[in-house]
Structures are given as structure tokens and as C-alpha cells.
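Accompanying notes for the structure given below.
First listed ligand is number 1; within each ligand, the first listed atom is number 1.
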Amino acid sequence: MSNKKLFKKILIANRGDVALRILRAAKDLKIPTVSIHSSADNDSMHVKLADESVCIGPAKSSDSYLNMQAIISAALVTGADAIHPGVGFLSENADFAEIVNAHEINFIGPSPEHIKTMGDKVSAKIAAEKAGLPLVPGSKGSISSLNKAEEEALKIGFPVIIKAAAGGGGRGMKVANSMENLSEAFSSARSEAKAAFGDDTVYLEKYLKNPRHIEVQVFADSHGNVVHLGERECSIQRRHQKLLEECPSPILSQSEREKIGKLSANAAKNLGYLGLGTIEYLYENNEFFFIEMNTRLQVEHPITEMVTGLDLVCEQIKIASGQKLSFKQNDIVFNGHAIEFRINAENPNNFLPSPGKIKTFHPPGGPGVRVDSIVYQGYQIPPYYDSLISKLIVFGSDRKNCLSRSERALDEFIIEPIDTSIELHKKLLRNKDIINGAYSIKWLEEIFLPTLNKTYG
Ligand code: ADP
């Protein structure tokens, strides 16, 4: 046991379900909390449940949840000695981490240097390779001219994908199937990257035809201890955004699982990484290819919590305060199966957001069911932010048990009158490819949704 003291007060620089999750962890650790919020979030759960709250600006994110000055001032005024950045917003902003540290406030996350290296996909690939991870075949470094892109594409072989170095949220990516469309894909990836990230640096990768997205959770403390917490399968995506995640992956053999786990923990150690991180891979024909590392908590972390019985957010807070990891690799026991269903306030056919006032909210319960939700009866979902409003996480003794409990839980779940992804999840669970675990990152958009639209109009 380490005798380092925990923080006196944590400011949560986020909103939505992740703010609630952090708040709950802080309460479990008996640490007082400060919520920040925009004026559009006055009635949000993360404001209602916090010990203190500070309104830091108007609805627009750039004036509130991305407003570094206002957030730091809120921390100073309330006497918070730590800031948890959550997911999204400023969670992977190296400048923010640096400014927090400069004010002698603890940033609950890795060092600004690690955030910076991993935030640029070109430098992330270089660092990952040095740390021993296998890469998707591609250009060494960025590509600044069409000539160079052509040369690289010939070396890699078509199809290739042109990706933004500063990329995120699936933006700034274009596929070229042949030399004929390389020029157009190259210039449109560059201009999309410039518009979205203010940086038109791009690089080239082999475009994998039917991969799965598998990621490994890693954890490192400041005493040299590093562990992995197994993998998560996140291939059910639309527009490169995850919709359903499961743990363990239905496709990996035990030896593959152990191999990628060890490789990821070793990489985190080689990188000198600190805290919670996720190493993302594409997996095709029994091979793993590193694509990126997220230097923060992931939306889908609860499925790892369900199968390990660990509280990742409490542990993350303890490690940021200088404590040692409370478990070694051999102490981590993987048990059963867990699936997370992201419940978004959106139209299930065209995925357009559907904010509005909630008249009926009835969450499911019973064995194996966890609901992390910001919704309550009478809550008005603001139209300005991410459409994720609830996460349904289901645990079962094995995958079959987890799937049948999931059906039961989704049938009980009522959120009215807005559109949500509950109906889509119910249909997914009736599909034989899902039942068999036979899907790739293309499956939802290329196979499932087209048949659904034919069947359901
Ligand atoms: P972002 O940071 O924008 O999420 P990622 O590099 O993590 O970008 O990629 C997001 C998704 O894009 C992946 O989960 C996968 O679906 C697809 N993708 C990325 N690189 C490739 C590739 N080389 N081949 C095929 N699909 C890819």
C-alpha cells in the first residue's frame, strides 16, 4: 500500500455520462467534486449531483467546455487540486494538461508529452513502432506531395487510405482504390484535414478490406508497474463511430489474447506511459496492426470493469495522486462476458440527433444490468452536444448468457418520446451475424443497415 494522500477536491472538466461516472468514482473515494457546466446544462445530472458547480459559459462548447481559462479559474476559485478531463473536449489537449500542471493543479491523465506524441498520428506511429508494436503498412512519416503519394502507394499496393495526422472522430480519411483516383483522394483528404483540424498534414496506409477493431486497455503507475486489462471488440461502428462494444472479443483465441495484451503492456512500459490508456488495433487474418493510442478514459471502459471487477476510474484517480497500482498482472482475473450498448438520442435510420424533453424514463434492472445515464423524467436534452445519453452495460457468465440478458434489458428500457438507438440494438441482437460474433468494421454499414432499410423501410 502506498501512503500517498488522495486529492482534496476534483474538478470535472466535462459533461454528460462521463462527468457522472467520474463524480461517482470521486464519491466512492470520499473526494468532494466540482462540476463545471454551460448555461444550457443548468439542469443536468452532473450539476445536480456534484458538491459544487460553476457555470463557465454559454451553450457553445468553444465558450464553455473548451474554454481553458474559465475552467482553470473555476478550479482556482473552488480550491480544486485536481482536474479530470473526461472523454472528448479537452481530454487529449496537451496544452490544457500543461496549463493545468503550470497552475499546480494535478491533471488526471498522462504527461502532456505523451498526449502530444499520440495526438499526432504520424508521431504516434513512429513511437508505437519504437515501442515494439506492429503497424499498418504505410508511409514512414507524412506525405507532402502527390508525387511522393504515388511513389508510396505503388510501394504499399492499392487500395490505400490517406489519413490526417491530426485526425479524430473519423474525419480527414479518404480511400483510393487505384492510381486514377489517388490525386483526388489526396487533395480532398488534405482539404478536409485543413478545415477540420487547421492542419493539412497527411500520411498513407494500406487500406485493410475487412478488419475488426480491437483495442487493449493498459494501465501504468509512477512506480514502474504496468498491466493490461484485456481487449475490447469495437467493430460495430457507423461513420467510424462505435455503437456497441464487447469484451472479450468473440474472435480471438486465448493465445492471441495473451499475446496482444502482453505486447500492449510492454509498449506502454517502453513508452514510459503513465495512467490509463487504450491502444487501438485493426485485426485482419490473425494479425494486429496499431492505428492509434487514446491517452484518456474510453467511453467503453465499463465492459472491462464488468469482466475484471475493477473500478478503472477510482484506480485512475489513485494513480494520478501518486499511488501504486492496487493489482499486479497476475491478480487480474477475467470472468464472463460484457456488452455495452450506446443509447444515443438519434433517429435509428439516418442517425440524425433527436434532442427533446423526456416524458417517460424507465431503465432496466435485474442481474447483470448496469445503466450509466444522464436521463431523468422531465429532462430536456440540449441540442448542442454529443447525442450519447445512456449506456446500457450487460454482464453474463458467458457470451450466450450476456446476449439473452441484453435482450431482456433492452426490452425493458423505455425512453420516450424521443428517438433513440434502443430499437436498433434490439434488431442487432436478433441478427445471426451478431449472435455468431461474425462481423467486421464494415458490417453495420455495408451489410446490416442496407437489409434493415429494405425490411423496415
Ligand atoms: P479516428 O482517430 O478518426 O477515430 P482511427 O485511426 O482510429 O481514426 O480510425 C478510425 C476507424 O477508421 C477505424 O476504427 C477503422 O474503422 C477505420 N480505419 C482507419 N485506418 C484504416 C485502415 N488502414 N484500413 C481500413 N480501415 C481503417
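Looking from atom 24 (N) of ligand 1 to the surrounding protein, the closest heavy atom is Leu208 N, 3.0 Å. Looking only at heavy atoms of the protein, atom 7 (O) of ligand 1 is closest to Glu292 OE2, 2.8 Å. Protein heavy atom at the shortest distance from atom 3 (O) of ligand 1 is Gly170 N, 2.6 Å. Remark: minimum distance from atom 11 (C) of ligand 1 to any protein heavy atom is reached at His240 ND1, 3.6 Å. What sits closest to atom 15 (C) of ligand 1 on the protein, heavy atoms only, is Ile441 CD1, 3.5 Å. The nearest protein atom to atom 18 (N) of ligand 1, hydrogens excluded, is given as Leu282 CD1, 4.2 Å; this is a heavy-atom distance. Nearest non-hydrogen protein atom to atom 13 (C) of ligand 1 is Ile291 CD1, 4.0 Å. Here the heavy atom of the protein found nearest to atom 2 (O) of ligand 1 is Lys121 NZ, 2.7 Å.
A centroid separation of less than 6.0 Å is found between the aromatic rings of Phe89 and Tyr65. For Phe413 and Phe341, the ring centers sit 6.0 Å or farther from each other.
Arg238 forms a cation-pi arrangement with Phe351, by the criterion of a distance under 6.0 Å to the ring centre and an angle within 45° of the ring axis.
Applying the 6.0 Å contact sphere to CD of Gln69 captures no more than 12 heavy atoms from other residues, nucleotides or ligands. Around the NZ atom of Lys426, the shell of radius 6.0 Å holds more than 12 heavy atoms that belong to other residues, nucleotides or ligands.
Residue-level proximity to ligand 1 for Met173 is carried by the side chain, the only part with a heavy atom below 4.0 angstrom.
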Residues Thr308, Val333; criterion side-chain contact (heavy atoms from CB on, under 4.5 Å); working and verdict: CA-CA 6 Å; Thr308 59; Val333 182; over 6 Å; no
What verdict does the salt bridge (Lys or Arg N to Asp or Glu O under 4.0 Å) test give for Asp120 and Lys125, after you've listed the backbone C-alpha separation in whole Å, the side-chain angles of each residue and the deciding distance to 0.1 Å? CA-CA 9 Å; Asp120 176 299; Lys125 283 187 86 167; over 6 Å; no
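For ligand 1, the atoms lying closer than 4.0 Å to a non-hydrogen atom of Lys206 are 22 (C), 23 (N), 24 (N). Distances below 4.0 Å separate heavy atoms of His213 from the following atoms of ligand 1: 14 (O). Listed by atom number, the atoms of ligand 1 under 4.0 Å from Ile161 heavy atoms are 22 (C), 23 (N). Ligand 1 places these atoms under 4.0 Å from at least one heavy atom of Glu280: 7 (O).
Contacts of Ser235 classified as side chain to side chain donor-acceptor pair (under 3.5 Å), with partners at least two apart in sequence or in another chain: Glu233.
Looking at Ser390 and Ser373, their side chains do bring a donor and an acceptor atom within 3.5 Å of each other.
At least one heavy atom of Lys163 sits closer than 4.0 Å to an atom of ligand 1.
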